[in-house]
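What follows is one structure encoded as C-alpha cells, with my remarks underneath.
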Amino acid sequence: MSESKPRLNRLTAIVTQLQSKRIVTATEIAEKHNVSIRTVYRDIRTLEQSGIPIYTEEGKGYSLVDGYALPPVMFTQEEANALITAEQLILKNKDASLIKQYQNAILKLKAVLRYTQKDKADLLSQRIIVRDNPDKAQTSDYLIQIQTAIVNHQVLAIDYLSLENQKSQRDIEPFAIYTTQDNWILIAYCRLRQDFRAFRLDCIQHLKDTLQTFEPHQITMEQYLKACREKYYPQDPPPDIPMS
C-alpha cells in the first residue's frame with residue numbers, strides 16, 4: 001500500500017486522530033491515511049520517540065495519556081468551510097438545545113481561525129441559505145440532555161404524547177438517536193413496555209433525569225435495527241422504525 005501524504009503531515013494528522021477519541025486502532029489509522037499496518041507501527045514509534053505520550057492497550061489500540069494537552073488545532077480553509085456549512089445546517093434543525101450548544105461551540109472553533117480565515121468564514125456564512133425550516137420552527141428542546149443521558153446511562157422520565165394523541169408517562173433507558181425529515185427520534189428501552197421503543201422528540205412534553213442509572217445495553221445499533229426490522233417487517237423492512 002503506497003503512502004498518500006508526506007510523512008510529517010501524516011504524523012501530525014495521526015496525533016490529531018488520537019486526540020479525537022479514547023482508543024484508535026491501527027486499522028483505523030491505516031485506513032484513514034492509506035498506509036499499511038506496518039507503517040502505522042513505525043509512525044507510532046516515531047511519535048513516542050519524539051515525546052508524544054502514547055499509551056498502547058494490547059489488543060485494542062492507541063490513546064494519548066490522559067491529561068496530555070496539545071496546542072490548539074489549526075484548521076485548513078476547507079475544514080473551516082465545512083464547519084460553517086454545518087453551522088447553517090444545524091441552525092435549521094428543530095431542536096433548540098442543539099442549536100444553542102452548537103452556536104457556543106462554533107464560537108470557540110472560530111476563535112482559533114487565522115484572521116484571513118475568519119473573514120472568509122464570515123463571507124461564506126452570508127452566502128449559504130438553507131430553506132428546509134423557513135419559519136425556524138423549534139419543536140423540541142431535549143436533544144442535548146438526551147445525548148448526555150445516553151453516554152452516562154441515565155434513566156429518564158418522560159411525559160409522552162403519541163402521534164395518535166395518547167398520553168403516557170414512561171421511565172426509559174436511552175439507547176440511540178437518529179433524525180429523519182428534521183425530526184429527531186429517540187430509541188430507548190421502555191420500562192413500561194418492557195421492550196425497546198422509538199419516541200419522537202417533538203412528542204415529548206416533559207423530560208427529567210430520575211438520578212438512576214442502568215446497565216449498558218449489550219447490543220449495537222446495527223444489531224438493534226436488524227432485529228427490529230425482522231420483528232416488525234419480516235418481508236419488506238422499511239428504513240424507519242415504528243413509533244411508540
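Values below: every heavy atom of this structure, side chains too, minus hydrogens, waters and symmetry copies.
With respect to the salt-bridge test (charged N to carboxylate O, under 4.0 angstrom), the residues K226 and E222 do not qualify. Salt bridge status for D195 with R193: absent, with no side-chain N to carboxylate O gap under 4.0 Å.
N152 CG: more than 12 foreign heavy atoms inside a 6.0 Å radius. The number of heavy-atom neighbours closer than 6.0 Å to CD of Q194, taken from other residues, nucleotides and ligands shown, is above 12.
With hydrogens and angles disregarded, a donor-acceptor distance shorter than 3.5 Å links the side chain of T210 to the backbone of V155.
Looking at R170 and S168, their side chains do bring a donor and an acceptor atom within 3.5 Å of each other.
Atom CG of residue L201 and atom CD1 of residue I146 lie 4.0 Å apart, to the nearest 0.5 angstrom. Distance check: N104 CG to I99 CD1 gives 12.0 Å after rounding to the nearest 0.5 Å.
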Apply side-chain contact (heavy atoms from CB on, under 4.5 Å) to the pair L64 and I54, showing each step before the final yes or no. CA-CA 5 Å; L64 290 174; I54 298 175; 4.1 Å; yes
Does the side-chain contact (heavy atoms from CB on, under 4.5 Å) test come out yes or no for D66 and Y55, once each step is laid out? CA-CA 9 Å; D66 191 29; Y55 177 72; over 6 Å; no
Report the C-alpha distance between Y142 and L156 in whole Å, list the side-chain angles of each, state the deciding distance to 0.1 Å, and finish with yes or no for side-chain contact (heavy atoms from CB on, under 4.5 Å). CA-CA 11 Å; Y142 299 118; L156 299 176; over 6 Å; no
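The shortest heavy-atom contact between A30 and I37 is CB-CD1, 3.8 Å. Annotation for D202 and R200: closest pair OD2-NH2, 2.5 Å, computed over non-hydrogen atoms. The two residues A149 and P174 come nearest to each other via the heavy atoms CB-CG, 3.9 Å. For R191 against F214, the heavy-atom pair with the smallest separation is NH2-CB, 4.1 Å. Q169 and L192 make their closest contact through O-CD2, 4.1 Å (heavy atoms, listed as atom of the first residue, atom of the second, distance). Nearest approach of H33 to Q17, heavy atoms of both residues: NE2-OE1, 3.0 Å.
In this structure the side chain of L18 never reaches within 4.5 angstrom of the side chain of I52, judged on heavy atoms. Contact of the W184 side chain with the L98 side chain is registered, since non-hydrogen atoms from C-beta on lie closer than 4.5 Å. Using a 4.5 Å cut-off on side-chain heavy atoms (C-beta onward), D159 and K167 make no contact. The shortest distance between side-chain heavy atoms of Q147 and I144 falls below 4.5 Å.
Taking the six-membered ring where the residue is Trp, the centroids of H217 and Y224 are separated by 6.0 Å or more.
L47 and I23 end up in different hydrophobic clusters when Ile, Leu, Val, Met, Phe, Trp and Tyr side chains are linked at under 4.5 Å. In the hydrophobic clustering of ILVMFWY residues, with side-chain heavy atoms under 4.5 Å counting as a link, Y102 and I150 come out together.
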